[in-house]
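The chain is numbered in sequence order, starting from 1.
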Amino acid sequence: AHKNEDPFVAETARAMVQSYLARWEREDAKTKVRGIEVPFKVALPVPSDLPSWAMPAKTRFVGGIIDSIIERDGRVLLTDLKTTSRLTPAYFDELYTNPQLTQYCFGLYCAGYEKVSCEWDVILKLDTKPKQLTKKVIAELDSGMFYDWPVDVEIPADKQETPYLWGLRLWSSYLEKPGNFERRTYDRDAKELLDFVYASHALQSEIERSQGLGGDLGLVYRKNHHACKSFNTTCEFHAICSGRDPEKLGYKSREKS
């Protein structure tokens, strides 16, 4: 470890990794890793009916770095590892419209995969903090146990959890609730990938126009994907826009001011 590294941070990472491995051990035994931190750069095709204002003067490209590409049960998936401090159903709703994942799927499609899927692999960050050792816990330590883990340590003079003990307690907290780890997958179909091509041409046209006018690229118009979701909440019309609410059950009319 680096000499300036916070030992509590190191133990937090250790507990998360160890419990993650324990949570997915059986499923990941069937998983083959096809690539880690995979960079890609592909040319955008130009649809014949692309509006004239979006037509490129030269070849346009999109690219990025995919966290990992795996194969599980004969299915190729690109994955994105996430951590969050609060996990609600709305967190995963963004899968339907997330532009970054669509771009990654487009890259995989261009590599020759007809069916492309993405998997969000999410770890919940616990709000547990190091704490003072209680008399009960101290008695456990004297007997050689700590939160069901066998230990051989001295009682800290200040009776405060050490990084090692803190890591063991955090690990126990993760193992007690498998729901602290969630995975969701979503396929990008041909229409969604084609929509991405049109949207990418539109965005790059705006960037090129701004450059030509000497504009600030930080102020360039963008398709407002991120208005679909703020932290753990989605726009009330998200289900309709994403095509996941065909009966429009989630529709709410705007209130008149």
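- Relative to the six-membered ring of Phe181, Arg23 misses at least one condition, a distance below 6.0 Å or an angle of at most 45° to the axis.
- Taken from CZ in Arg14 to OG in Ser19, the straight-line distance is 12.0 Å, to the nearest 0.5 Å.
- Phe61 and Phe40 sit in two unconnected hydrophobic clusters of ILVMFWY residues. Membership requires side-chain heavy atoms under 4.5 Å apart, directly or through other members.
- Separating the CD atom in Glu161 from the NZ atom in Lys129 is a distance of 12.5 Å, to the nearest 0.5 Å.
- A pairwise comparison of heavy atoms in Ala15 and Tyr174 identifies O-CD1, 4.4 Å as the closest pair.
- The closest side-chain heavy-atom distance from Thr84 to Val122 is below 4.5 Å.
- Two different hydrophobic clusters hold Trp24 and Leu77 under the rule that ILVMFWY side chains link at heavy-atom gaps under 4.5 Å.
- With a 4.5 Å cut-off on side-chain heavy atoms, Leu170 and Glu11 do not count as touching.
- Linking ILVMFWY side-chain heavy atoms closer than 4.5 Å, directly or via other members, places Leu81 and Ile69 in a single hydrophobic cluster.
- In this structure, Tyr198 and Pro47 approach most closely via the heavy-atom pair OH-CB, 3.4 Å.
- Summarising the geometry, atom CZ belonging to Arg183 is positioned 11.0 Å from atom CZ belonging to Phe92; distances are rounded to the nearest 0.5 Å.
- In plain terms, the two heavy atoms of Leu168 and Trp149 that are nearest each other are O-NE1, 3.2 Å.
- Cluster annotation: Leu78 and Ile36 are assigned to distinct hydrophobic clusters (Ile/Leu/Val/Met/Phe/Trp/Tyr, side-chain heavy-atom contacts under 4.5 Å, transitive).
- Between the side chains of Asp121 and Tyr20, at least one donor N or O lies within less than 3.5 Å of an accepting N or O.
- At least one side-chain heavy atom of Pro45 sits less than 4.5 Å from a side-chain heavy atom of Val197.
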Worked check of salt bridge (Lys or Arg N to Asp or Glu O under 4.0 Å) between Lys82 and Asp67: CA-CA 10 Å; Lys82 301 284 188 181; Asp67 278 7; over 6 Å; no
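- Looking at Ser85 and Asp127, their side chains never come closer than 4.5 Å, going by heavy atoms from C-beta outward.
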Given Leu44 and Gln204, is the side chain to side chain contact (heavy atoms under 4.5 Å, CB included) satisfied, shown in steps? CA-CA 11 Å; Leu44 271 176; Gln204 293 201 33; 3.7 Å; yes
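- A side-chain donor from one of Arg60 and Ser205 sits under 3.5 Å from a side-chain acceptor of the other.
- Between Phe106 and Phe196, the angle of the ring planes lies from 30° to 60°, which puts this pair in the tilted group.
- When each of Arg75, Arg184, Arg72 is tested with Glu119 by the rule side-chain hydrogen bond (donor to acceptor under 3.5 Å, both in side chains), just one qualifies, namely Arg72.
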As a quick check of understanding, evaluate side chain to side chain contact (heavy atoms under 4.5 Å, CB included) for Ser172 and Asp148, giving each step before the final call. CA-CA 8 Å; Ser172 294; Asp148 297 326; 5.7 Å; no
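- Contact of the Ser117 side chain with the Arg188 side chain is not registered, since no non-hydrogen atoms from C-beta on lie closer than 4.5 Å.
- Atom CG in Asp152 sits 9.0 Å away from atom CD in Glu154 (nearest 0.5 Å).
- Atom OG of Ser68 sits about 12.5 Å away from atom CZ of Arg34, to the nearest 0.5 Å.
- Here the closest heavy-atom approach between residue Asp158 and residue Gln132 is recorded as O-NE2, 3.0 Å.
- Taking both residues in full, the closest heavy atoms of Tyr91 and Arg86 are given as CD1-O, 4.2 Å, listed atom of the first, atom of the second, then distance.
- Across every non-hydrogen atom of Leu87 and Gly179, the tightest pair is CD2-O, 4.2 Å.
- In this structure the side chain of Leu165 reaches within 4.5 angstrom of the side chain of Val153, judged on heavy atoms.
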Apply side chain to side chain contact (heavy atoms under 4.5 Å, CB included) to residues Asn98 and Tyr104 and explain how you reach the verdict. CA-CA 10 Å; Asn98 184 281; Tyr104 289 174; over 6 Å; no
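- Looking at Leu50 and Pro56, their side chains come closer than 4.5 Å, going by heavy atoms from C-beta outward.
- Atom OG1 of Thr128 sits about 5.5 Å away from atom CH2 of Trp166, to the nearest 0.5 Å.
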Could you give me the CA-CA distance, side-chain angles and deciding distance for Val151 and Tyr164, then say whether side chain to side chain contact (heavy atoms under 4.5 Å, CB included) is met? CA-CA 10 Å; Val151 293; Tyr164 172 67; 4.1 Å; yes
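- No single ILVMFWY cluster, assembled from side-chain heavy atoms under 4.5 Å apart, contains both Val33 and Val76.
- Side-chain contact between Val46 and Thr59 is absent, with no heavy-atom pair separated by less than 4.5 Å.
- Under the 3.5 Å distance criterion, with hydrogens and angles disregarded, a donor-acceptor pair is assigned to the side chains of Tyr186 and Glu192.
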